[in-house]
Each structure stands twice: as structure tokens, then as C-alpha cells.
Colleague: 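Would you mind keeping the following structure in view while I ask a few things?
Keep in mind that this is a model prediction, so the values were computed, not measured.
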Amino acid sequence: MGCAGSTPAKGDGNANKIRKPKPWKHPQPITKSQLMQMREEFWDTAPHYGGRKEIWDALQAAAEADLNLAQVIVDSAGVIVQNADLTICYDERGAKYELPKYVLSEPTNLIRDS
């Protein structure tokens with residue numbers, strides 16, 4: 001038994017285990033190719049807004065991997081996961097990394113390319 005503010009006991013594993021983001025909806029329906037373009041633009045520009053390139057690279061690899069591999073990647077890179085869905089993370093120096101939902105999962109209103 002615990003309360004919402006309780007912390008995990010030692011031996012409970014990683015307190016910040018990665019999970020999939022909650023379902024979300026883009027303001028207007030977009031195609032898979034538009035989503036891929038948005039993701040590519042984000043990853044190309046993200047390192048220019050601060051933080052270390054190797055952490056951005058690790059976050060990109062984690063975002064594109066399954067949950068188990070993503071957990072290994074962030075743990076190995078020393079990424080501190082603030083939100084379990086990876087939307088907010090920090091590196092060991094305290095730099096903040098914010099990831100938009102569109103790089104982590106597909107929107108519920110995605111239009112499948114034909």
C-alpha cells in the first residue's frame with residue numbers, strides 16, 4: 001500500500017521506467033510522410049537549442065526504439081527521465097531536453113499514406 005507521493009522502495013527497479021506516451025491528436029490530420037518530415041526537422045534542429053549532441057542522438061535512438069531498448073539507451077547515456085514518456089529529460093549536467101509527442105508516437109488522427 002502506498003500513496004501518490006510515495007517513492008519506490010529500493011529494489012523496485014528503475015523509478016522512471018519508460019512508457020509509451022498517452023494517445024494524442026494533432027491539430028489537423030496529417031499523413032505519415034508529413035509526420036516523418038516533422039520528426040526529421042526536429043532532430044536536425046534540436047541540438048542547436050542547447051544540450052549535448054550525444055544526448056540528443058541517444059534520445060533520438062530511444063524515441064525510435066521499442067520500450068525495452070529505449071530504457072537501455074537512456075540508462076546507458078546517463079539520461080535522467082523526468083516524464084516517463086520521455087517528453088522531459090535531463091543530462092547529468094542538468095541540461096533540459098524536451099521532446100514533442102510527435103517524435104515519440106503517432107497521433108490518433110494520422111492519415112495513412114496510400
Colleague: Does the side-chain hydrogen bond (donor to acceptor under 3.5 Å, both in side chains) test come out yes or no for W24 and T108, once each step is laid out?
Modeller: CA-CA 6 Å; W24 62 281; T108 57; over 6 Å; no
Colleague: What's the spacing between K22 NZ and L104 CG if we round to 0.5 Å?
Modeller: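 Nearest 0.5 Å value for the NZ-CG distance: 13.5 Å.
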Colleague: Are Y102 and P107 packed together at the side-chain level, in the sense that at least one heavy-atom pair is separated by less than 4.5 angstrom?
Modeller: no
Colleague: Could you tell me whether the side chain of E106 reaches within less than 4.5 Å of the side chain of K101, counting heavy atoms only?
Modeller: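 Contact flag for K101/E106 side chains = no.
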Colleague: What closest approach, in Å, do A95 and G51 show between heavy atoms, and which atom pair accounts for it?
Modeller: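 Looks like CB-CA, 4.2 Å.
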Colleague: Are the side chains of I30 and I111 in contact, using a 4.5 Å heavy-atom criterion?
Modeller: no
Colleague: Please collect all ring pair (Phe, Tyr, Trp, His ring centres under 6.0 Å) contacts where either partner lies in residues 73-98, sequence neighbours excluded, each pair once.
Modeller: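 Ring pair (Phe, Tyr, Trp, His ring centres under 6.0 Å) check on residues 73-98 returns W56-Y97.
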Colleague: How long is the gap from NZ on K96 to CD on E98, to the nearest 0.5 Å?
Modeller: 4.0 Å
Colleague: Give the minimum heavy-atom separation between A84 and K17, together with the two atoms involved.
Modeller: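 Distance-wise, the nearest heavy atoms are CB-O, 3.4 Å.
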Colleague: Can you see which heavy atom on E64 is nearest to which on W43, and at what distance?
Modeller: OE2-NE1, 4.3 Å
Colleague: Applying the side-chain contact (heavy atoms from CB on, under 4.5 Å) test to Q71, which of D75, N68, I73, L67 qualifies?
Modeller: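 That would be D75.
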Colleague: Do R52 and E92 pass the salt bridge (Lys or Arg N to Asp or Glu O under 4.0 Å) test, and can you show the C-alpha distance, the side-chain angles, and the key distance before you say yes or no?
Modeller: CA-CA 11 Å; R52 300 186 348 233; E92 293 165 330; 5.2 Å; no
Colleague: Under the criterion side-chain contact (heavy atoms from CB on, under 4.5 Å), which of V81, V79, V103 is the partner of L86?
Modeller: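 In the set V81, V79, V103, the residue that makes a side-chain contact (heavy atoms from CB on, under 4.5 Å) with L86 is V81.
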Colleague: Pick out which of V74, I80, N83, L59 makes a side-chain contact (heavy atoms from CB on, under 4.5 Å) with C89.
Modeller: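 With C89 as partner, V74, I80, N83, L59 yield a single side-chain contact (heavy atoms from CB on, under 4.5 Å), made by L59.
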Colleague: Just to verify, what does K20 make a side chain to side chain donor-acceptor pair (under 3.5 Å) with, not counting sequence neighbours?
Modeller: none
Colleague: For N109, give me all partners under side chain to side chain donor-acceptor pair (under 3.5 Å), at least two apart in sequence or on another chain.
Modeller: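 With sequence neighbours excluded, N109 shows a side chain to side chain donor-acceptor pair (under 3.5 Å) to no residue whatsoever.
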Colleague: Which heavy-atom pair separates A70 from A65 by the least distance, and what is that distance?
Modeller: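 Heavy atoms only, the tightest pair is N-CB, 4.0 Å.
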Colleague: Can you find a pair of side-chain heavy atoms, one from T31 and one from L110, that are under 4.5 Å apart?
Modeller: no
Colleague: Ignoring hydrogens, what is the shortest heavy-atom contact between Q28 and H26? Give both atom names and the distance.
Modeller: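 In terms of heavy atoms, the two residues are closest at O-ND1, 2.9 Å.
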Colleague: Are R39 and E41 ion-paired here, with the side-chain N under 4.0 Å from a carboxylate O?
Modeller: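 No.
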